[in-house]
Chemist: 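Have a look at this one before I ask anything.
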Amino acid sequence: MKRKLRMGMIGGGKDAFIGAVHRLAANMDGLIELTAGALSVNPEIGYESGKLLFLPDNRIYTNYEEMLTKESELPADERIDFVTIVTPNFAHFAPAMMALEKGFNVVIEKPITLTLDEAKQLQAKVEETGLTLCLTHTYSGYPMVKQAKQMVSEGALGAIRKIVVEYPQGWLSTLSEREGNAQAAWRTDPSKTGKSGSMGDIGTHAAHLAEYISGLKITKICADLNIVVPGRAIDDDGNVLLKFDNGSNGVLVASQVAAGEENALKIRVYGEKGGLEWHQMEPNTMIVRWLNAPAQIYRTGNGYMGSYAQHNTRTPGGHPEGYLEAFANIYRNFALTIDAKLNNEQPTAEMLDFPGTEDGIRGMAFIENVVASSQSDQKWHDYKL
């Protein structure tokens, strides 16, 4: 790269958890610099946040409309290259659409929008403009997840027969949205988070991981959503039976009332010849079990890893690479892709390996279909896009 890419951030002001994560991830490889921001709906907080991040006064904006308009009027060698949107779900669509209309590439926090229709509109705008949109499905950024995907795609496990994926958390085991927890408040408010709570927030991560590693698409579901904590307005727990487009089946569990759990995302994929198992909380390790041979333990940072894993590994074997590095891999691949396009070059397959609008649409379809299935008396529900 000849220069760093210039990033403008929408949302993510001081005390915002995910905004800080995005900035750390974007900064990790030295390819991106934060240049401008509309960091809060509260102008005072937005200005203070911008100063804390050492932004010049003229690049701290009171709202995203002002930022996108004024940045688009700057000379090409000064204005931002892309926008990162780290607002709550309900405030994703409008700034993303405006950014694309103004000629800016977009990174957007998952889920892509509040509704499936909005996601489709964004995809149409991306196709119309030729710009790039990246969706931060973080867990697809882990080197060992890349290794799992490559092994499956190369047929190491044979035809896939079953997928079991679970994401238990315990942080909503009490009615914390009424106890001053701001994250819980908006994530359990249907007007801000969308149709589903646990399935929208973490079930979509589990579904994306299942499809990403296996290369398969969900075609049918049978869902059961639950409100476990009395007084909550939206599901905090759920179970889904899955059928995939090759005829295989699966099970997906997402719960935010699994008391004592942190972020215990785990996936097992079984084929004709063997199976693999990966845990997000032990991300450098993958267990591969064979039908007629001893089990193997794969570890990040070793020479036997495939090209996609090696492309997304920073440290020698034995040095843990975790959530921030996985997040940074998504930003890095996005940045390398944008840079290649700016220089009229073709990005490599490894660079292009980050989630985009299709993943966003399938995530929103997952939410819509799970809710519809849970509300239906019919056992199996066709997965509609």
Side-chain angles (χ1 to χ4, degrees), residues 1 4-5 7 17-34 84 107 109-110 134 136-154 156-157 165-169 202 205-206 208-209 212-213 261-269 274-290 294-337 339 347-355:
M1 293 180 67
K4 291 185 177 184
L5 296 182
M7 177 176 78
F17 160 70
I18 204 64
V21 171
H22 276 261
R23 289 190 292 271
L24 286 166
N27 189 57
M28 189 170 291
D29 292 290
L31 305 179
I32 297 166
E33 59 184 344
L34 179 65
T84 290
V107 175
E109 175 58 28
K110 185 253 18 136
C134 171
T136 54
H137 267 297
T138 314
Y139 306 108
S140 65
Y142 282 100
M144 200 56 77
V145 170
K146 305 289 189 188
Q147 177 69 16
K149 177 181 176 63
Q150 188 167 2
M151 289 177 67
V152 170
S153 69
E154 292 175 352
L157 304 184
V165 59
E166 60 184 69
Y167 198 157
Q169 294 177 336
I202 59 175
H205 275 307
H208 180 261
L209 193 64
Y212 179 77
I213 290 177
E261 293 284 8
E262 296 174 317
N263 280 279
L265 174 61
K266 178 172 73 174
I267 187 167
R268 287 168 284 169
V269 179
L276 58 83
E277 179 175 333
W278 179 79
H279 298 230
Q280 195 267 154
M281 291 176 64
E282 296 182 9
N284 277 35
T285 300
M286 179 172 68
I287 301 172
V288 182
R289 299 182 176 91
W290 302 108
Q296 295 177 318
I297 296 177
Y298 279 63
R299 293 281 293 164
T300 298
N302 286 288
Y304 52 73
M305 301 290 280
S307 63
Y308 286 82
Q310 292 192 35
H311 174 75
N312 289 280
T313 300
R314 292 175 172 77
T315 59
H319 295 77
E321 294 201 27
Y323 179 77
L324 290 176
E325 288 84 356
F327 218 117
N329 284 337
I330 293 175
Y331 266 100
R332 176 173 176 264
N333 291 338
F334 169 79
L336 292 173
T337 295
D339 181 70
T348 67
E350 286 83 359
M351 292 176 187
L352 290 167
D353 186 27
F354 58 85

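For this chain, numbers begin at 1 and follow the sequence in order.
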Chemist: Which heavy-atom pair separates M286 from A148 by the least distance, and what is that distance?
Modeler: SD-CB, 3.7 Å

Chemist: Where do I330 and S140 come nearest, in terms of heavy atoms and distance?
Modeler: CD1-OG, 4.2 Å

Chemist: Short question: side chain of K146, backbone of D353 - any donor-acceptor pair under 3.5 Å?
Modeler: yes

Chemist: Could you walk me through whether V152 and Y212 satisfy the side-chain contact (heavy atoms from CB on, under 4.5 Å) test, starting with their C-alpha distance in whole Å, then the side-chain angles of each, then the deciding distance to 0.1 Å, before giving a yes or no?
Modeler: CA-CA 10 Å; V152 170; Y212 179 77; over 6 Å; no

Chemist: For the atom pair CG (L324) and CG (L24), what is the distance rounded to the nearest 0.5 Å?
Modeler: 6.0 Å

Chemist: Hey, what's the ring geometry for F327 with Y323, parallel, tilted or perpendicular (30° and 60° as the breaks)?
Modeler: perpendicular

Chemist: Does V165 form a side-chain contact (heavy atoms from CB on, under 4.5 Å) with V269? I'd like the steps, not just the answer.
Modeler: CA-CA 8 Å; V165 59; V269 179; over 6 Å; no

Chemist: Once rounded to the nearest 0.5 Å, what's the spacing between atom CD of Q310 and atom CD of Q150?
Modeler: 9.0 Å

Chemist: Would you indicate whether E282, at its atom CD, is surrounded by more than 12 heavy atoms from other residues, nucleotides or ligands within a distance under 6.0 Å?
Modeler: no

Chemist: Looking at every heavy atom in both R314 and A328, which two are closest together, and how far apart are they?
Modeler: NH2-CB, 3.4 Å

Chemist: Just how far is it from atom CH2 of W278 to atom OG1 of T285, taken to the nearest 0.5 Å?
Modeler: 11.0 Å

Chemist: Do Y331 and L336 have side-chain heavy atoms sitting under 4.5 Å apart?
Modeler: no

Chemist: Can you name the nearest heavy-atom pair linking H22 to T84, along with the distance?
Modeler: ND1-CG2, 3.6 Å

Chemist: What residue among R289, R268, K266 forms side chain to side chain donor-acceptor pair (under 3.5 Å) with E277?
Modeler: R289

Chemist: Look at the aromatic rings of Y139 and Y167 and report parallel, tilted or perpendicular, splitting at 30° and 60°.
Modeler: perpendicular

Chemist: What are the two closest heavy atoms between E325 and P320, and how far apart are they?
Modeler: OE2-O, 4.4 Å

Chemist: Within the distance-only criterion (no hydrogens, no angle test), does the side chain of Q280 pair as donor or acceptor with the backbone N or O of N263 below 3.5 angstrom?
Modeler: yes

Chemist: Return yes if a side-chain donor-acceptor contact under 3.5 Å exists between N312 and N333, otherwise no.
Modeler: yes

Chemist: Go through V107 and M7 one step at a time and tell me if the side-chain contact (heavy atoms from CB on, under 4.5 Å) criterion holds.
Modeler: CA-CA 10 Å; V107 175; M7 177 176 78; over 6 Å; no

Chemist: Check the side chains of N284 and E321 for a donor-acceptor pair under 3.5 angstrom, ignoring hydrogens and angles.
Modeler: no

Chemist: Calculate, to the nearest 0.5 Å, the distance between atoms CZ and CG belonging to F334 and L5 respectively.
Modeler: 7.5 Å

Chemist: Looking only at heavy atoms, which two atoms of K110 and T136 are closest? And how far apart?
Modeler: N-OG1, 3.7 Å

Chemist: Side chains of M305 and T313, heavy atoms from C-beta outward: is any pair under 4.5 Å?
Modeler: no

Chemist: For a 4.5 angstrom cut-off between non-hydrogen side-chain atoms, does R332 reach H311?
Modeler: yes

Chemist: More than 12 heavy atoms of other residues, nucleotides or ligands under 6.0 Å from CD of Q296: yes or no?
Modeler: yes

Chemist: Find the distance between CD (Q147) and CZ (R299) and round it off to the nearest 0.5 Å.
Modeler: 13.5 Å

Chemist: Within this structure, what is the OG1-CG distance for the pair T138 and N329, rounded to the nearest 0.5 Å?
Modeler: 11.0 Å

Chemist: Consider only side-chain N and O atoms of S307 and E350, and report whether a donor and an acceptor are under 3.5 Å apart.
Modeler: yes

Chemist: Give the C-alpha distance, both sets of side-chain angles, the deciding distance and a yes or no for ring pair (Phe, Tyr, Trp, His ring centres under 6.0 Å) between Y298 and Y304.
Modeler: CA-CA 9 Å; Y298 279 63; Y304 52 73; 5.4 Å; yes

